Amino acid sequence: MHTEVTTTPADENSRRKFLKGCVNAAGAAVTAGTFSSTVEARDTYQRPPEALGLLYDATLCIGCKACVAACKRANDNPAEFSTADKLWDTPLDTSGYTFNIIKMYRSGTMSTKDDESNGYAFMKTSCMHCADPSCVSACPVTAMTKDPRTGIVAYDPEACVGCRYCVVACPFGIPKYQYDSPTGKIGKCELCRHRYQEGHYSACAEVCPTGATLYGRTSDLLIEARRRLALKPGSTTIYPRGNLSGGQDQSYEGYVGKYQQHIYGETEYGGTQVLKLSAVDFEKVGMPYLAPKSSASTSETIQHTLYGGLLMPFAVLGAMTYVARRNVHHEDDASAQEAGKESS
């Protein structure tokens, strides 16, 4: 037997009042309970004293992509193809299987390297290993962690649940999801930390023929970057290669480029352990403008305040329960009201 249920305007009005009451009461409860005192963002975390990283100098880069191939080999990643013949590994961007790539800036006739007008330039794209990484802050299961000594932002696939919060949180768009993974997995640069026990360091810096990618302690890399910015364009200087903080001397003499007077990563987003130099404006070569404060320092504070001790969920539940009980009339109450009307 089919019973048709009709809704009167009065019912709709009551429903709207109920929902509105829930929202208002929940908001009042959260506001009163959670923000009774002013919420202040924590300070942006700083790089560890022994932080490891890279210095990429775009004026020294020749676009050979030896670093891309070395990264693939060191991390056992497959080739990715963007051409029909599929003869070469031709990734167009970083992905779950490409952790490092060299991109190219093009202008007009492209006749001069490192010239914004009618020139071209290169830029390395990989994990920046932020001092205060949003991917670590956003990860609900600590699959993303930052080593307290080296500062390397590492990924643990065993802990990962595939939520992809890290993908959304990163301002550089670096963590990438492996969509063909049956378990859900993220791919990103970890500075080849798995090779350190074998006496190796980041593969991209290890194979770079010009020293455009240099490995070492970030504090040492900062000193080297500042030294280069102070040099006169067109003069000659000694450029180190490989590992700045130790190892075999592979330095050579080369010409000084016309640098932008800025070290990208020194202050951006609270500072990063991967630093960059360029003769072309950083935004033009694909590096985003970022304030010197990490968003993690603000968002994490708000998140922990709202959900600390499950305060927000309990406040909302309590408010909705109160409104529901206030607006629901029991059958006994309704019967009593009807009886009262009939007797009168």
Side-chain angles (χ1 to χ4, degrees), residues 47 51-58 60-80 89-105 121-131 133-136 144 146-147 150-155 166-167 169-178 185-196 200-218 221 225 242-244 263-266 268-269 271-278 282-283 285-288 290:
R47 305 180 191 90
L52 298 174
L54 302 171
L55 171 61
Y56 172 75
D57 188 336
L60 299 180
C61 184
I62 57 176
C64 68
K65 299 188 179 180
C67 58
V68 179
C71 178
K72 287 284 185 93
R73 185 168 56 252
N75 291 284
D76 196 25
N77 281 333
E80 293 187 283
D89 179 34
T90 53
L92 299 178
D93 201 352
T94 56
S95 71
Y97 299 105
T98 298
F99 304 160
N100 165 66
I101 197 169
I102 299 296
K103 296 185 178 181
M104 187 177 187
Y105 165 80
F122 300 108
M123 179 51 59
K124 177 182 171 72
T125 300
S126 62
C127 180
M128 299 293 287
H129 295 277
C130 304
S134 287
C135 60
V136 173
M144 289 288 183
K146 186 171 180 66
D147 188 282
T150 66
I152 293 174
V153 178
Y155 168 68
C166 59
V167 177
C170 178
F172 300 101
I174 291 301
K176 296 291 174 62
Y177 189 70
Q178 296 178 356
K185 189 177 177 182
I186 296 295
K188 67 175 287 294
C189 159
E190 299 181 61
L191 283 182
C192 291
R193 64 190 180 98
H194 62 290
R195 305 174 74 234
Y196 293 173
H200 293 285
Y201 49 95
S202 296
C204 58
E206 212 170 39
V207 302
C208 183
T210 65
T213 299
L214 191 62
Y215 173 85
R217 287 188 295 270
T218 304
L221 297 173
N243 186 352
L244 182 64
I263 304 171
Y264 192 93
E266 182 176 14
E268 276 79 8
Y269 209 61
T272 62
Q273 292 173 209
V274 175
L275 309 171
K276 299 185 178 183
L277 297 176
S278 175
F282 282 103
E283 288 191 82
V285 292
M287 299 308 300
L290 296 169

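Basis for what follows: all heavy atoms, side chains included, without hydrogens, waters or symmetry-related copies. The model shown is predicted, which means the values in this text are computed figures rather than measured ones. Count residues from 1 along the sequence.
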Checklist entry - Would K188 and H129 count as a side chain to side chain contact (heavy atoms under 4.5 Å, CB included) if you check the C-alpha gap in whole Å, the side-chain angles of each, and the deciding distance to 0.1 Å? => result CA-CA 10 Å; K188 67 175 287 294; H129 295 277; 4.0 Å; yes

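- Side-chain atoms of H194 come within 3.5 Å of backbone N or O of A74 as a donor-acceptor pair.
- Considering only heavy atoms from C-beta on, K65 stays 4.5 Å or farther from F122 through its side chain.
- Looking only at side-chain heavy atoms (C-beta outward), P209 and C64 come within less than 4.5 Å of each other.
- The line from SG of C170 to OH of Y269 is 7.5 Å long, rounded to the nearest 0.5 Å.
- L54 CG to L191 CG: the interatomic distance, rounded to the nearest 0.5 Å, is 5.0 Å.
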Next on the checklist: Walk me through whether C135 and Y155 qualify under side chain to side chain contact (heavy atoms under 4.5 Å, CB included).
Outcome noted: CA-CA 10 Å; C135 60; Y155 168 68; over 6 Å; no

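- Once rounded to the nearest 0.5 Å, the distance linking CE of M144 with OG of S134 reads 11.5 Å.
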Next on the checklist: Show, in sequence, the C-alpha distance, side-chain angles and deciding distance for E206 and R195, and conclude whether the side chain to side chain contact (heavy atoms under 4.5 Å, CB included) test is met.
Outcome noted: CA-CA 12 Å; E206 212 170 39; R195 305 174 74 234; 2.9 Å; yes

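- Residues N100 and T125 form no side-chain contact, since every pair of their non-hydrogen atoms from C-beta on lies 4.5 Å or further apart.
- Nearest heavy atom pair, residue L277 against residue I263, reads CD2-CG1, 4.0 Å.
- Across every non-hydrogen atom of G216 and L221, the tightest pair is O-CD1, 3.7 Å.
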Checklist entry - What's the verdict on side chain to side chain contact (heavy atoms under 4.5 Å, CB included) for Y264 and L275, showing C-alpha distance, side-chain angles and the deciding distance? => result CA-CA 6 Å; Y264 192 93; L275 309 171; over 6 Å; no

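- Taking 4.5 Å as the limit, every side-chain heavy atom of K124 sits out of range of all side-chain heavy atoms of V274.
- Looking at T94 and F99, their side chains never come closer than 4.5 Å, going by heavy atoms from C-beta outward.
- T210 has its side chain within reach of I62: a pair of non-hydrogen atoms, C-beta onward, lies under 4.5 Å apart.
- Side-chain contact between M287 and M128 is present, with at least one heavy-atom pair separated by less than 4.5 Å.
- The two residues T218 and G53 make their nearest non-hydrogen contact at OG1-N, 3.8 Å.
- Here the shortest heavy-atom pairing between L214 and G242 reads CD1-O, 3.4 Å.
- Looking only at side-chain heavy atoms (C-beta outward), C130 and V153 stay at 4.5 Å or farther from each other.
- Residue M123 holds its CE atom at 5.5 Å from NZ of K276, rounded to the nearest 0.5 Å.
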